[in-house]
Q: 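First, the structure itself, so that you have it in front of you.
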Amino acid sequence: MDEYFEPYRTRQKAQGKAYFEAMNVMRADTDGRHRAAAKNLSFFGAPQVALLFMPSFGDDVRVGGDIGMYGQTFLLSLAARGLGGIPQTMLGFFAGTVREVLDIPKNHKMLFGISFGYPDEEAPGNRMRMDRVPVSESVTFHE
Ligand SMILES: Cc1cc2nc3c(=O)[nH]c(=O)nc-3n(C[C@H](O)[C@H](O)[C@H](O)COP(=O)(O)O)c2cc1C
């Protein structure tokens with residue numbers, strides 16, 4: 001993936017720091033980071049995962065937006081039923097293997113996965129609350 005530029009780079013770093021702190025993993029703790037990655041790749045213990053593939057057309061931007069909206073609606077419908085979902089781009093590292101095992105055509109790209117189930121509110125990752133920038137920083141109003 002291309003490097004994030006500012007202000008996204010700063011926000012990305014803050015998110016990573018808050019995430020690893022919530023998981024009790026210090027910056028130099030390589031084993032801890034590997035354990036966190038292993039949790040990520042085993043769906044954080046969720047009993048099932050939805051893998052969102054999109055048909056690849058042109059620069060993929062339009063379809064990417066469509067599937068992003070589908071993912072958000074899926075997350076909201078889980079929440080409405082007392083379930084929780086974790087969107088995970090990281091699962092895309094194994095898109096090739098998933099495609100092979102589930103026999104998904106090559107012209108479909110994996111966008112992300114959503115692990116889901118009943119959330120364990122006590123799990124370290126679920127106790128993390130990420131700040132949001134104020135609306136005035138993320139929206140430009142024109143009169
Ligand atoms: C599209 C998308 C992809 C994400 N990919 C990952 C991922 O691969 N691994 C991970 O631990 N968190 C990932 N996250 C972040 C978490 O799913 C979750 O959003 C984060 O822990 C903070 O939750 P919040 O959005 O409710 O603040 C992703 C979030 C989004 C929206």
Q: Mind checking whether Phe57 and Asn107 have side chains closer than 4.5 Å, heavy atoms only?
A: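 They are not in contact (no side-chain heavy atoms under 4.5 Å apart), so the answer is no.
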
Q: Between Ser115 and Gln88, do the side chains contain a donor N or O and an acceptor N or O under 3.5 Å apart?
A: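 Ser115 and Gln88 do have a side-chain donor-acceptor pair below 3.5 Å.
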
Q: Are the side chains of Arg9 and Pro7 in touch, meaning some heavy atoms are under 4.5 Å apart?
A: no

Q: Please report the closest heavy-atom contact between Ala18 and Met130, naming both atoms and the distance.
A: CB-SD, 4.0 Å

Q: Taking a hydrophobic cluster as the set of Ile, Leu, Val, Met, Phe, Trp and Tyr residues connected by side-chain heavy atoms closer than 4.5 Å, whether directly or through intermediates, do Leu52 and Met110 fall within one such cluster?
A: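 No; Met110 is not reachable from Leu52 via cluster members.
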
Q: With rounding to the nearest 0.5 angstrom, report the NZ to CG distance, Lys109 to Leu111.
A: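 Taking NZ in Lys109 and CG in Leu111, the distance rounds to 9.5 Å.
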
Q: Determine whether more than 12 heavy atoms belonging to other residues, nucleotides or ligands lie under 6.0 Å from atom NE2 of His108.
A: yes

Q: Give a yes or no on whether Gln48 atom CD has more than 12 heavy-atom contacts from other residues, nucleotides or ligands under 6.0 Å away.
A: yes

Q: Just verifying a value: how many Å separate Phe44 CZ and Asp120 CG, rounded to the nearest 0.5 Å?
A: 12.5 Å

Q: I'd like to check Thr30 versus His34 (side-chain heavy atoms, cut-off strictly below 4.5 Å). Are they in contact?
A: yes

Q: A side-chain contact here means heavy atoms from C-beta on lying under 4.5 Å apart; do Phe93 and Leu91 qualify?
A: no

Q: Count the heavy atoms of every other residue, nucleotide or ligand shown that sit under 6.0 Å from CZ of Arg62, and state whether that count exceeds 12.
A: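 No, the 6.0 Å shell around CZ holds no more than 12 heavy atoms from other groups.
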
Q: Closer than 4.0 angstrom, basic N to acidic O: yes or no for Arg35 and Asp31?
A: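 Looking at Arg35 and Asp31, the cut-off is not met.
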
Q: Quick check for you: to the nearest 0.5 Å, what is the distance between Glu6 atom CD and Arg11 atom CZ?
A: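 Rounded to the nearest 0.5 Å, the CD-CZ separation comes to 9.5 Å.
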
Q: Taking all atoms of both residues into account, what is the closest heavy-atom pair of Ala22 and Met128, and its distance?
A: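 Distance-wise, the nearest heavy atoms are CB-CB, 3.7 Å.
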
Q: Given side chain to side chain contact (heavy atoms under 4.5 Å, CB included), test Met69 with Ile67 step by step and report yes or no.
A: CA-CA 5 Å; Met69 284 203 267; Ile67 305 292; over 6 Å; no

Q: Any side-chain heavy-atom pair from Met23 and Lys39 closer than 4.5 angstrom?
A: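 Yes, close enough: below the 4.5 Å cut-off.
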
Q: Compare all side-chain heavy atoms of Ile86 with those of Ile114 and state whether any distance is below 4.5 angstrom.
A: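 Of all side-chain heavy-atom pairs linking Ile114 with Ile86, none is under 4.5 Å.
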
Q: With a 4.5 Å heavy-atom cut-off, do Glu100 and Thr97 have their side chains touching?
A: no

Q: Side-chain heavy atoms nearer than 4.5 Å, only ILVMFWY residues, links allowed to pass through others: does that put Ile104 and Val101 together?
A: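 Hydrophobic grouping puts Ile104 with Val101.
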
Q: If every non-hydrogen atom of Val98 is compared with every non-hydrogen atom of Leu51, which pair is closest and at what distance?
A: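 In terms of heavy atoms, the two residues are closest at CG1-CD1, 3.6 Å.
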
Q: Taking the cut-offs as 6.0 angstrom to the six-membered ring centre and 45 degrees off its axis, would you call Arg33 and Phe20 a cation-pi pair?
A: yes

Q: Please name the pair of heavy atoms, one in Tyr118 and one in Gly82, separated by the smallest distance, quoted to 0.1 Å.
A: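 Minimum heavy-atom separation between Tyr118 and Gly82: CD2-O, 3.5 Å.
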
Q: Do Tyr70 and Leu83 belong to the same hydrophobic cluster, where Ile, Leu, Val, Met, Phe, Trp and Tyr are linked whenever their side-chain heavy atoms lie under 4.5 Å apart, directly or via other members?
A: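 They do share one cluster, since a chain of ILVMFWY contacts under 4.5 Å joins Tyr70 to Leu83.
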
Q: Please give me the minimum heavy-atom distance between Ala37 and Met90, naming the atom from each residue.
A: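 Answer, listing the atom of Ala37 first, then Met90: CB-CE, 3.8 Å.
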
Q: What distance do Asp60 atom CG and Met54 atom CE have between them, rounded to the nearest 0.5 Å?
A: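 That separation rounds to 3.5 Å.
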
Q: For a 4.5 angstrom cut-off between non-hydrogen side-chain atoms, does Ser56 reach Val63?
A: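 Contact flag for Ser56/Val63 side chains = no.
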
Q: Are Phe94 and Leu102 co-members of a hydrophobic cluster defined by side-chain heavy atoms under 4.5 Å apart?
A: yes

Q: Mind listing the closest non-hydrogen atom pair of Ala50 and Phe74 along with its distance?
A: CB-CE2, 3.9 Å

Q: According to a 4.5 Å side-chain heavy-atom criterion applied to Ile, Leu, Val, Met, Phe, Trp and Tyr, with indirect links allowed, do Val49 and Phe112 form part of one hydrophobic cluster?
A: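 Per the 4.5 Å side-chain linkage, Val49 and Phe112 are not co-clustered.
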
